[in-house]
Amino acid sequence: MYQTVYYRFLRYFSVVFVLAFISTGHADITNWTGTWPHASTVSRQAADKGLETSSVCCQHLADLPFQSIKPGQQQKVEINLESSSYQFDSGKSFFAAYKLPEHANSLTITLYSIAGKTVFKPVVMLMDSQFRVTRLLRGNDFQYRPARGFKGDSLDGQFRVDRSLPGNPLNETYMVIYTTKSDRQGATTLLHPAKAYALARHNQPPAIPDPVAKHSAVGVLQLRMEQERKSFGERADYVPPAVVYPSAASAPASKPALPETQHYYQQAIEQALAKGDMAKALRLVEEGERAGVQGIRTFLLERIQPKQ
Amino acid sequence: MRRDNKNRNRGRWQKIKHNLPYITLICCLPSLFSSPVSAVDFHGYLRSGIGGTQGGGDQACFKARGAGAKYRLGNECETYAEIQLGQELFNEGGKRFYVDSMIAYVSDQENDWEELNGDGATSSLRQMYVIGENVLESFPGANIWAGKRYYQRHDVHINDYYYWDVSGPGAGIENIDVGFGKLSLAWLRNTDEDYQAKGGSSGTNVANDTFDFRLSDLSVNENGKLELGLDYGRANLNTEQDDKDFDDEKGYLFTIQHTQSNWFGGYNKLALQYATDGMVGTGHNGSRAVDGKMFRIVNQGVVELSENLEGMYVGIYEKKDLDNNQGQTWMSAGIRPVYKWNDVMSTALEVGYDRVKPQASGAETVDLTKVTLAQQWSAGRSFWARPVIRAFATYARWDGDDYNAASEAIEAGEDDGLTFGVQVEAWW
């Protein structure tokens with residue numbers, strides 16, 4: 001008697017077991033894997049069209065809508081057709097703009113641009129508290145890393161923002177994520193998941209082409225910002241000068257320069273670069289900034305070939 | 001008992017202590033290579049889990065008698081793991097050297113404490129090789145390699161069947177660009193242990209050679225690639241073995257394989273194989289094999305029918321005609337459609353059928369039908385997304401008068417069985 005009840009229980013056990021697992025397991029597992037966002041589903045054409053028709057939000061970098069972020073945060077950055085756009089020197093682009101924490105330890109910022117049918121090839125512009133560009137991270141600063149574990153296919157980049165002198169006006173304070181016109185023409189070849197399986201098992205990968213993610217004007221990124229626990233003995237990518245040099249410290253001119261002046265400085269910088277005279281190009285940037293030439297530092301940075 | 005363990009442990013510690021200088025040397029070996037050393041690449045594979053059978057007992061894994069493989073969704077009764085550590089040793093001017101290693105481990109998945117080599121558990125050093133990429137001036141793009149290695153293995157994922165696998169200790173040159181394709185040459189070894197020669201004399205350790213030639217990456221049609229393979233195997237007899245009239249049982253294995261991409265959102269892979277005598281099998285020469293012939297077709301593919309429906313299918317036909325009449329014909333067909341509810345949850349169904357017909361007339365043909373339903377949670381939505389945790393139930397049906405299709409969890413004479421459990425599978 002006891003036996004029959006036992007067997008009957010077991011017979012239905014498998015079904016109950018699966019059902020129980022579905023109901024309890026689903027929510028939890030969605031939570032711990034759901035932190036990895038999904039790639040944008042907007043096609044490249046639709047994104048290009050959206051960008052073309054979008055109206056530019058602002059005239060100056062200082063006017064961009066900067067969002068504050070806190071260290072220790074992991075957040076999804078969605079650059080979509082509703083995002084603001086701006087006329088960068090490298091072309092019009094949708095962007096996401098952030099104000100980095102000022103009174104914090106040095107920061108390690110990691111960006112993953114999620115790849116699917118399309119991917120957003122990011123450029124990160126960092127600016128000091130006076131909206132002067134300090135760095136442009138682009139090209140090989142973001143590298144394709146195939147899906148692994150809970151991380152999907154993405155273009156990944158990591159950089160450090162120094163805070164060894166809190167309150168220094170030259171600290172990198174603003175971050176803008178955008179893309180360039182030429183980057184949007186490109187594409188990234190991904191690793192086919194069947195090949196990833198073969199590589200992990202040391203099998204011969206199937207003779208099939210890899211999927212290609214077209215670079216798009218929109219995309220989804222995962223942004224991770226961590227505060228460094230240690231402040232010494234670590235590599236610093238950009239340490240702003242402790243002494244405030246007069247040339248660099250002067251605030252940007254209140255009135256923007258005339259287009260002719262801007263043209264002059266741009267020409268002069270291009271000539272200096274053509275000759276390989278970096279020192280002169282830098283001096284021209286500093287002079288130009290004093291004269292109120294908008295975006296002259298970005299102009300130079302964009303003309304310096306990223307290291308391959 | 002406890003004291004024995006203690007003594008044994010002490011003995012082991014002594015052994016470790018004696019070998020300490022060597023262990024240190026091996027650990028520090030990478031640091032001896034001068035060029036800038038990159039990080040260690042960690043790759044691997046694992047599957048493990050727990051289950052039970054209707055009627056009580058551990059889970060049962062059903063397989064048709066004599067079949068080369070079984071459909072695997074959830075229904076695997078062991079813990080199997082591969083730990084791979086690799087590192088770039090040198091990378092300058094486009095020339096690169098890379099060392100790779102792999103330790104594999106399998107256990108019956110019965111206890112917390114399962115020794116690396118003990119009751120129902122074994123471990124193995126399966127790979128330990130160095131590959132030099134682009135180092136031969138005369139063959140740009142080609143790789144030379146030597147050591148123990150998984151060599152260009154071809155498998156069917158859903159039934160874990162390796163139909164072309166010559167892996168073992170070896171050496172070779174890979175990917176020589178010949179203009180219309182890539183040529184790979186390799187020499188590999190496997191060894192037969194106890195040997196009984198025809199005259200009744202016996203011996204051990206017959207070294208078998210496999211010489212492997214592959215011509216791959218041949219473009220034959222739009223999105224289609226062809227690969228041709230020839231494996232020649234023979235026993236490499238020493239003088240004593242020769243004198244005792246050991247058989248070298250040489251043989252050939254011919255493979256022709258076509259891969260079609262852009263195929264219903266995925267690909268299809270068709271392999272035709274023909275083998276003779278010692279090479280009847282999947283790539284290793286058997287010096288004790290019986291003369292005969294083998295013909296095999298393996299057709300498999302992964303297709304994505306819609307955004308939410310992806311699946312794999314396979315069909316296998318293998319006919320072994322042996323001179324001693326002990327051959328067989330194995331037929332197998334299976335599909336595994338996966339419906340994705342969202343990016344982390346999917347439902348997989350696997351239906352498989354295996355049929356084995358012995359060559360000897362009068363011998364009973366056996367077959368087995370298996371259906372597995374699994375609810376899966378995985379990192380991402382691809383058919384290949386891993387890790388995956390799956391809760392599964394497997395039902396199988398066979399003729400119990402002929403054989404028992406599973407372990408002791410199934411009573412002899414039973415014609416069907418239901419088993420269920422939770423399994424994890426991961427690769428990285």
Side-chain angles (χ1 to χ4, degrees), chain A residues 3 6-39 41 114 116-117 146-154 190-211, chain B residues 43-45 52-56 82 84 100 102 127 149-155 157 162 164 167 216-217 223-227 257 259-263 266-267 269 302 342-345 373-375 377-380 382-387 389 391-393 418-422 426-428:
Chain A
Q3 289 271 312
Y6 180 65
Y7 282 133
R8 197 169 292 167
F9 172 72
L10 267 181
R11 186 169 302 165
Y12 297 111
F13 182 69
S14 61
V15 179
V16 173
F17 190 72
V18 169
L19 287 177
F21 209 89
I22 293 170
S23 52
T24 58
H26 181 215
D28 286 349
I29 293 176
T30 311
N31 276 344
W32 54 256
T33 57
T35 50
W36 187 255
H38 315 309
T41 49
I114 319 296
K117 294 214 160 64
R148 190 168 187 183
F150 294 108
K151 186 196 92 81
D153 284 305
S154 56
L190 312 178
L191 180 67
H192 195 290
K195 290 190 184 178
Y197 160 73
L199 291 174
R201 299 296 321 274
H202 266 264
N203 295 337
Q204 186 68 3
I208 53 175
D210 283 311
Chain B
H43 289 282
Y45 173 83
T53 300
Q54 183 200 12
E82 289 173 345
Q84 303 172 42
D100 219 343
M102 179 197 279
Q127 297 201 83
R149 185 188 173 189
Y150 281 1
Y151 185 67
Q152 299 193 12
R153 311 189 306 167
H154 289 274
D155 74 323
H157 177 64
Y162 284 79
W164 194 10
S167 300
S216 60
D217 215 30
N223 302 315
K225 296 279 187 192
L226 196 70
E227 178 167 8
Q257 182 159 265
T259 308
Q260 181 70 46
S261 52
N262 206 356
W263 172 265
Y267 66 94
K269 202 165 147 184
V302 179
N342 55 42
D343 283 306
V344 292
M345 187 172 75
L373 187 64
Q375 193 70 9
W377 292 270
S378 59
S382 159
F383 179 84
W384 304 101
R386 298 295 184 280
I389 293 174
F392 70 93
L418 179 68
T419 188
F420 50 86
V422 181
W427 56 70
W428 61 90

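Per chain, numbering begins at 1; letters A, B, ... match sequence-line order. Predicted, not measured: the structure shown is a model, and the values here were computed from it.
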Legend entry - NZ (A/K151) with more than 12 external heavy atoms under 6.0 Å: yes
Legend entry - Side-chain donor-acceptor contact under 3.5 Å, B/H154 with A/N203: no
Legend entry - Interface residue of largest heavy-atom contact number with chain B, from A/A196, A/P205, A/A194, A/A198, under 4.5 Å: A/A194
Inset, instruction - Pick one of side chain, backbone, both or neither for B/D100, based on which atoms fall under 4.5 Å of a heavy atom in chain A. - result: side chain
Legend entry - 4.5 Å side-chain heavy-atom contact, A/L199 and B/H43: no
Legend entry - Options A/A200, A/A147, A/P146, ranked by heavy-atom pairs under 4.5 Å with chain B, top entry: A/A200
Inset, instruction - Give the ring-plane orientation class for A/Y197 versus B/W384, where under 30° counts as parallel, over 60° as perpendicular and anything between as tilted. - result: parallel
Inset, instruction - Heavy-atom pairs under 4.5 Å with chain A are the metric here; pick the option from B/Q260, B/E227, B/Q152, B/Q257 that has the most. - result: B/Q152
Inset, instruction - Name the region of B/Y162, side chain, backbone, both or neither, that has any atom closer than 4.5 Å to a heavy atom of chain A. - result: side chain
Inset, instruction - Look at B/S167, B/P387, B/A385, B/S216 and state which one has the largest set of heavy-atom pairs under 4.5 Å with chain A. - result: B/P387
Legend entry - Rounded distance (nearest 0.5 Å) linking atom OG1 of B/T259 with atom CD of A/Q204: 9.5 Å
Inset, instruction - Below 4.5 Å from any heavy atom of chain A, which atoms of B/E82 appear? Answer side chain, backbone, both or neither. - result: side chain
Legend entry - Part of B/Q127 within contact of chain A (heavy atom distance under 4.5 Å): side chain
Inset, instruction - Could you tell me which portion of A/R201 (side chain, backbone, both or neither) has an atom closer than 4.5 angstrom to a non-hydrogen atom of chain B? - result: both
Inset, instruction - Would you give the length of the straight line joining atom OG of B/S261 to atom NE2 of A/H192, rounded to the nearest 0.5 angstrom? - result: 8.5 Å
Legend entry - salt bridge (Lys or Arg N to Asp or Glu O under 4.0 Å) against B/R153, all qualifying residues, sequence neighbours excluded: none
